[in-house]
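In what follows, chains are A, B, ... by sequence order, proteins preceding strands, each numbered from 1.
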Amino acid sequence: MIHHNRLPVNNCMGDWGQNIVERPAAPDQSHAVVLENCFFFSALLFRYPDDAVYHGIRENLQTFSDFLSAYGGQVPQVPPSEDLQAEYVGLFVNNKGFVPAVPYAAYHIDDGRLMGDSYDRLRQTMAETGFQLDPSVKELEDHLTILLEYAATLVRSVAGSEGADTGGHFEARALVEVTGNYIQPVIEAILPGIDQYATLDFYRIAARALREFIRDTAGIYEIIPGFPENAWSKKAE
Amino acid sequence: MRQKRYTIVFDTQKCLNCKACTVACKFENEVPVGDDTYRIWVTEQPLQGRFPHLHQAFQPSQCQHCENAPCEHVCPTKATYRTPEGVVLVDYKKCILCKACMAACPYDARFVSEHHGAVEKCTLCAHRLEEGREPACVETCPTRVREFGDLNDPDSEVYRLLISRSHYRLKSEKNTRPRLYYLI
Amino acid sequence: MAIRIEKIRSLIRINRDVPALPFIIAGCLLLALGLVGVVRVFVQGHEAVYGVTRQVPWGLLIATYAYFVIISTGLAFIGGLGHAFGVASFAKMSRRIVMLAFVVLLAGFTQIGMELGHPFRLMYLLLLSPHFSAPIVWMGLFYTVELVILGLELIVIFYPSGVNHRLAAILGFLGLLVGVIATSNLGFVFGSLSARPFYHGIYFPVFLVISGIAGGAALLMVVYNIVYKLKIPETYKGAMKSLERLMGLSVGVMILLLVWKVLSSLYSQPGDAYAAVMTLIAGPLAPEFWIGEVLMALILPLGMLVANRGRSMAVSGIAGLVFLVGMFFTRFNFIVAGQLPPMRAGNEGAGVETVNGLMQYAPSTGEWMIFALGLGVFFFLYFMAERFLEMEIHSKSKHLILTTESTERHGKGRQMIPSSSCSSCSSWLK
Amino acid sequence: MAIHDKKISRRKFLGLSTGALAGMMFSPGLSTLVRAGSGPVDPVPAGSRQFIASNCAMCVNKCGIIGEVVDGKLRKINPNKKHLKSRGMLCAKGNAGAALPYSSDRLKTPLLRTGERGEGKWKEISWDEAFKYVARNLADLKKEYKNRSTVAFASTEGFQEEFYYYLVNSFGSLNTVRHPTLCLSSNIQGWSSVFGVYPDADLKNAEFVIMLGSDRAQALITPDSVDFQRYKPKGQKLIVLDPRFTETGAKADRWYPVKPRTDQAFVLAMMHVIINENRYDKTFVETYTHGFEQLREMVQEYTPQWAEGKCEIPAAEIVKTAREFADHAPRSVIYPGRRSSFYTHEVYVRQTYAILAAICGCWDTKGGVVPKSSIDLDAHNIVFPFFMETRERMDKEATNLLKDVVPSAVQCPMIGTGLPTDSCAFLSEKDGSWISFREAVLNDNPYPVRGFVCFKQNPVQAVPNTAKTLEMLKKMEFICVIDQQMSDTAWYADIVLPHTTYLEGWDPAHSLSGIWPVVAFRQPMIEKMFNTKTMFEIAGGVIHEMLKIDSLWDDIDPADLTTFKKDIVEDVLDKPIQDFIRHQVKSHPGGWEQLLKEGFFTTEGGRPRYGYTRKPGFRFKTKTGRIEFFNERYKSAGLFPLPKYCEPEVLPEKGEYRFLVGRTAWNTHTSTQNNPYLWEIQKENALWIHTDEAGKMGIRSGDEVIVKSHIGAQRIKAYVTEKIRPDCLFYVNGWGRHSPWMSRVYKTGASEAEILDDVLDSISGSACMHETFVTVTKA
């Protein structure tokens, strides 16, 4: 997670400004960039809305209004920061001793227990694609927001590898795996909890948008330049 | 080397009904939480007498590792088998989930494991035995209700208990010849 | 080659007279329902979809499996009488008998295939790692052989260039024999369970075989009534009467067996057998037992047959239909009743939840869907055959002269001359 | 996905107006992911398997455990077979501890309240902010009330509690309140009144054991729960007195369903028999004791026939038990037990038990009642500053506290004369008394308490009368809770600090006293999973922030501050905790290595030290230095010096039942009911009601009933049984949570604290949990 200890509060606005990079996208790459940005924006939506994230969501909401209304049916109002934070904690962190929408993938895949076997496999995949969690981040790798960010990163890797011989095959398979075997199980599992316990519409809409988006990704991936046909085969060699 | 004959001898009079064994078994064997998924259990026998003259016994139990195991007989694919030491095991890869063994077991010791995609049951913690460790239920018990050992070893505690104290086996009328003994 | 295709083509026709379409449509609907069940099983898993539990591991699907395969072997028995023992009235029906037996057996296989957690494992492990002391191995083996025999029989009796009667007789005899053995072994899958006294013993190996004969006869009577829209042609009336007698006799034997099974399980209250029988007589299965089993499988059909005495074929057909419904209950009741007395009492901590000392079981919707799959397979395949295949054996066929002659004789009320040595077999069927 | 659907989904995506999106690019500036190798790498471990020794923390026993850690994850917790205290066993809770770190319900990061108290609106904050917040609030309260004791510090026992007291003493409040007055303070007081100490029972070697009200088969205490059955085949005889037929009762040779509150009569009559039949140990009495003649005189009226009328156990049985006890002495045990928060006169009850042991000489000898030994650890030589702006603890300074607000405490006709009216007679300084403390806070008597810091305690569930606890919390201007889970109490806090689980962090060494003393500690079995800290780190963090606020140090000698910074902050809190532990065990060569390897160590080969109080010249910690039957301190305090029989001051009215409190072996406190492995053993609690009583009301097992006291009412399912006296009702604690703290047990079963009356034993300050009368009706 992005914690205050990583981004000093007084500085976050500035930081956030630098995070958006205007990049002249090559025409054939533009859709991949859109896809990557959709993943990254989704990651922001499901990240704890500290000041940096909160402003990030607010400032980009208009840009992603198409995305949200296409998949979530509407563009949510962004509630005041304090309300959104309370809502986030109440849904995803701690709520009267239980968590209505556990954001960890392994919890839903492996019998309601954190850090199960699927968690190990994810870390393995991350390592094999050259990534790891920033050691200063005290979270588990299978947290929904980290999974989404990882997916964004993988989209970029695949698109960037276009033309290369072994071009991004491994990354493409990792992308398929992370969306299909991790993100999808979490979002499908937590949506009912969010619907039941949410007090504001924000995460309801965001979660619905994410679920619909993820359900569609199988069809979308093939627009990524360099996305190999055989990426759907179950196991990466 | 002499062939080992593994057994568990229960002194149920020591049982506190504390359920330590059942929880230890679940972790050791990664048996999921669930009302039907358990390898061992501790039964509170029916209360006897009227207030204030009451008696109650507690009976921990599990797969009896029968020498004449009905589950083994009815298994069509030899998925259930007995090791030379007398431990009745299931080869999960061979189990077709016909559940004949569950129907045949007079002790209700077996259940379907979704995790293994097979019928599973107490293994006497065979994986621990290989490492020279006792079964988890034996080890964790506060009062040592269960004693585990080799019946072919005259120096073993189980041998000593069985030659010195009267005992019985569960449902002996079924002639399953359980390898697990209960002291009286 | 071209000639052979031509000959095969000669088998195919469109029988507009047979009211097959409604059944094909019904079959399709049932199949669709069944496929939903299949998908559910593959997505959610057996444990989630089926209502069986640790203490009642066998449920509706074992009952429906037994229901189908036992009817099939009953049909094979009747077919065997026709083919091998030259009971000519049955031999005339052989195409329908064998087709029915084959299709019903397939329907049965769908049930066990969906019931088993790993049906494909069973297929290769039966070859690689068979455990010959296990009744299921023999049951599986004999039913597989039975399927092969019935398949071969189908080829032989539908053989375009004519039926090899000797071969048909051999196969018919084998079908009868293997069928009886297979069903008997199915009975022994239960009969071998000493843990469960209600199952244990010879009752089921015998009872299932007898009930299968009754079921086969009943199904034939029902099917002929459907095919001929309740107007059975003269040529089949003899066969129908024989079927009535066969079914009546079988039901009579079933009553005899059941009475003693119940009485021996009640007399001096022998433990779990008593508890199991009490679930039928006055327990949770009482409606299924008294209405489903006693009334519909035994009293009504036998009563109808006796009262009718062969006068109306339609009444026989209805008796058959009632019996087939009742027979389902006999299967369901015996599978469930045997497992309701728990192996361990439902004391606190035992992990066994009992009500009045008994386990509980009710089939889940998923299990009913799989039953629908079996029924769908039967209706669809069989009535497709009725619709598109030549199911009659024409007297013109020179290969069937013997049969035709005997039929004519029989039709004229003359003594039937058995074509094989088994005269006793045919004579008691009159 | 079908080709067709793929096309649709692709078209939908391509239909997004992508201009702005494609032109924009998120840089990894906000990223949580880094390129592998760019930071300190935590490689994915594969195939590693370790066995790590530590000690359990699922209840108070601290049994020896060995974690099986595979690929960095805790797979199983095994018992430490060599552990001297736990005898190589591990109970259901201890086993279930392996699920604790992997529970999604854990507190993961510091939370600050943003809504109303109890509304459940929180924000995440960093530890730095949290430390600042706590320090600033402490400073504000000190400034406003000019009294450091205006902040109360509650805690439950545990290895890290030591560092909690670093925080407490660095702030300088004297208002601390711990668990003993909910548990065993009357027991300690009663036994100590006779022997000067609270001893253990040598159940391993005893031949004859009487347990009164202790359910050792379910309320597990090591090594007692082990010894009393594991060694029973050697011929040990067990007599159990309990209004319930507990599992311990089921193990007993004789179970007496004693009428509640009359156990003392049974034991007094035993003494009557033993003394009048000259079965007592004359040599022992002469050598070691004080006041035997007064005792002899007192017990004359307590004949077995008299006792039968009180406790409803036949006189002949009492005589038989008395003779057997004397015959087996000194290998006879009258079991001290642990929790004694039963009745208002409990101190006298326990004093009675202790005297029985003493007259038969069952003291400090094999098979008797034996004083605890302990292994000395090296303490850090630290002195906390002396703060001027600190007032005496409020439950000591209060006036008329007991008289005015806990009338039941002073109504006992027998002990009424000398009973204190201001505060409890013999209050343990550090422990306080929960019931009287809460009353004092509620009445601002003698001064306002406006801050509440709570370490791993859950008073909302644990202290009788939940409504009052919530009222107390409402008075607070600042509430900080340090816990592993969002407890009922944490839910009402302003700031919640997540504590590291006992499986993820280091805990200091502790000397566990007993007949078989050991030194135990904890070491991490697995890496920390979330943004949590141990009390050691939290104390350090808060104290550092406190040091930045000058007003917090304006009432001490500046020299004290310098020493404080040096001795406590620099030398202890700023160093790794391992240094602290090494220092603790430095007098025990090889002790540190032994701790790392075995999780504990012992001295003298772990053999019990019987008899050191029997050596000539030994002074017992009593006024006379002898074992006192006649308690001189009680006499000076105006209390009755001998344990005279105390008639109950309040009796149940018609239709009322006495409510009993008890435990199961799979849950001790209120923190484990939600653990899935324990939850599946018991999913809800049920009301024990005797068959005859249930019959009168037409209640059958499984029926819903309402249990009502004048404190509150609870709805619960009935369990109709012969296993309880007809005049009693019982359900086990831990269910029916006030706030839905735990998903699995929320709104299932009934809560104990919601109906328990807050009655006080005014001698020890203990809560009296068996003094509540309830009615039951069909729901």
Q: Find the N and O donor-acceptor pairs between chain C and chain B that sit under 3.5 Å apart.
A:
| residue | atom | partner | partner atom | Å |
| --- | --- | --- | --- | --- |
| C:Arg54 | N | B:Asp36 | OD2 | 3.3 |
| C:Arg54 | NE | B:Asp108 | OD1 | 3.0 |
| C:Arg54 | NH1 | B:Asp36 | O | 3.0 |
| C:Arg54 | NH1 | B:Tyr38 | O | 2.6 |
| C:Arg54 | NH2 | B:Tyr38 | O | 3.3 |
| C:Arg54 | NH2 | B:Asp108 | O | 2.9 |
| C:Gln55 | NE2 | B:Asp108 | OD2 | 2.8 |
| C:Pro57 | O | B:Lys99 | NZ | 3.2 |
| C:Trp58 | NE1 | B:Cys98 | O | 2.8 |
| C:Gly117 | N | B:Ile96 | O | 3.1 |
| C:His118 | N | B:Ile96 | O | 3.0 |
| C:His118 | NE2 | B:Gly117 | O | 2.5 |
| C:Arg121 | NE | B:Lys93 | O | 3.3 |
| C:Arg121 | NH1 | B:Tyr92 | O | 2.9 |
| C:Arg121 | NH1 | B:Lys93 | O | 3.4 |
| C:Arg121 | NH1 | B:Cys95 | O | 2.7 |
| C:Ser129 | OG | B:Thr77 | O | 2.8 |
| C:Ser129 | OG | B:Lys94 | NZ | 3.4 |
| C:His131 | N | B:Pro76 | O | 3.0 |
| C:His131 | ND1 | B:Glu72 | O | 3.2 |
| C:His131 | ND1 | B:Cys75 | O | 2.8 |
| C:Ser133 | OG | B:His73 | O | 3.1 |
| C:Ser194 | O | B:Lys174 | NZ | 3.0 |
| C:Arg196 | NE | B:Ala103 | O | 2.6 |
| C:Met343 | O | B:Lys171 | NZ | 2.8 |
| C:Arg344 | NE | B:Tyr107 | O | 2.9 |
| C:Arg344 | NH2 | B:Tyr38 | OH | 3.0 |
| C:Arg344 | NH2 | B:Asp108 | O | 3.2 |
| C:Arg344 | NH2 | B:Asp108 | OD2 | 3.2 |
| C:Glu348 | O | B:Glu44 | N | 2.7 |
| C:Ala350 | O | B:Tyr38 | OH | 3.3 |
| C:Gly351 | O | B:Tyr38 | OH | 2.9 |

Q: With a 4.5 angstrom heavy-atom cut-off, is it the side chain or the backbone of B:Val42 that approaches chain C, or both, or neither?
A: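 Just its backbone gets close to chain C.
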
Q: Assess whether atom CG of C:Leu35 is packed by more than 12 heavy atoms of other residues, nucleotides or ligands within 6.0 Å.
A: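 Enclosed.
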
Q: Kindly indicate, with the supporting measurements, whether the criterion side-chain contact (heavy atoms from CB on, under 4.5 Å) is fulfilled by C:Leu116 and B:Leu97.
A: CA-CA 5 Å; C:Leu116 291 177; B:Leu97 278 173; 5.8 Å; no

Q: Which residues satisfy the ring-ring contact (aromatic ring centres under 6.0 Å, His included) test with C:Phe188, sequence neighbours excluded?
A: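 By the ring-ring contact (aromatic ring centres under 6.0 Å, His included) rule, C:Phe188 matches no residue at all.
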
Q: Ignoring hydrogens, what is the shortest heavy-atom contact between B:Ala103 and C:Leu193? Give both atom names and the distance.
A: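 B:Ala103 and C:Leu193 have their closest heavy atoms at CB-CD1, 3.8 Å.
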
Q: Go through it in stages, so that I can follow the logic: the residues are C:Leu122 and B:Cys98, the test is side-chain contact (heavy atoms from CB on, under 4.5 Å), and I'd like the CA-CA distance, side-chain angles, deciding distance and then a yes or no.
A: CA-CA 9 Å; C:Leu122 172 67; B:Cys98 68; over 6 Å; no

Q: Using side-chain contact (heavy atoms from CB on, under 4.5 Å) as the criterion, list what pairs up with C:Phe198, not counting sequence neighbours.
A: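 Counting only residues at least two positions away or on another chain, C:Phe198 forms a side-chain contact (heavy atoms from CB on, under 4.5 Å) with C:Phe204, C:Lys261, C:Ala276, C:Val277, C:Leu280, C:Phe334, C:Ala337.
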
Q: Under a 4.5 Å heavy-atom cut-off, does chain B meet the side chain of C:Val352, its backbone, both or neither?
A: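 Backbone plus side chain of C:Val352, per the 4.5 Å heavy-atom cut-off to chain B.
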
Q: C:Ala195: what forms a side-chain contact (heavy atoms from CB on, under 4.5 Å) with it, not counting sequence neighbours?
A: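 So C:Ala195 forms a side-chain contact (heavy atoms from CB on, under 4.5 Å) with B:Pro106, C:Met343.
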
Q: Considering all heavy atoms of both residues, which atom of B:Cys75 and which atom of C:Ala134 are nearest to each other, and what is their separation?
A: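 Of all heavy-atom pairs spanning B:Cys75 and C:Ala134, the closest is O-CB, 3.4 Å.
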
Q: Please identify, among B:Ala79, B:Pro70, B:Cys95, the residue contributing the most non-hydrogen atom pairs under 4.5 Å to chain C.
A: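 The candidate making the most pairs under 4.5 Å is B:Cys95.
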
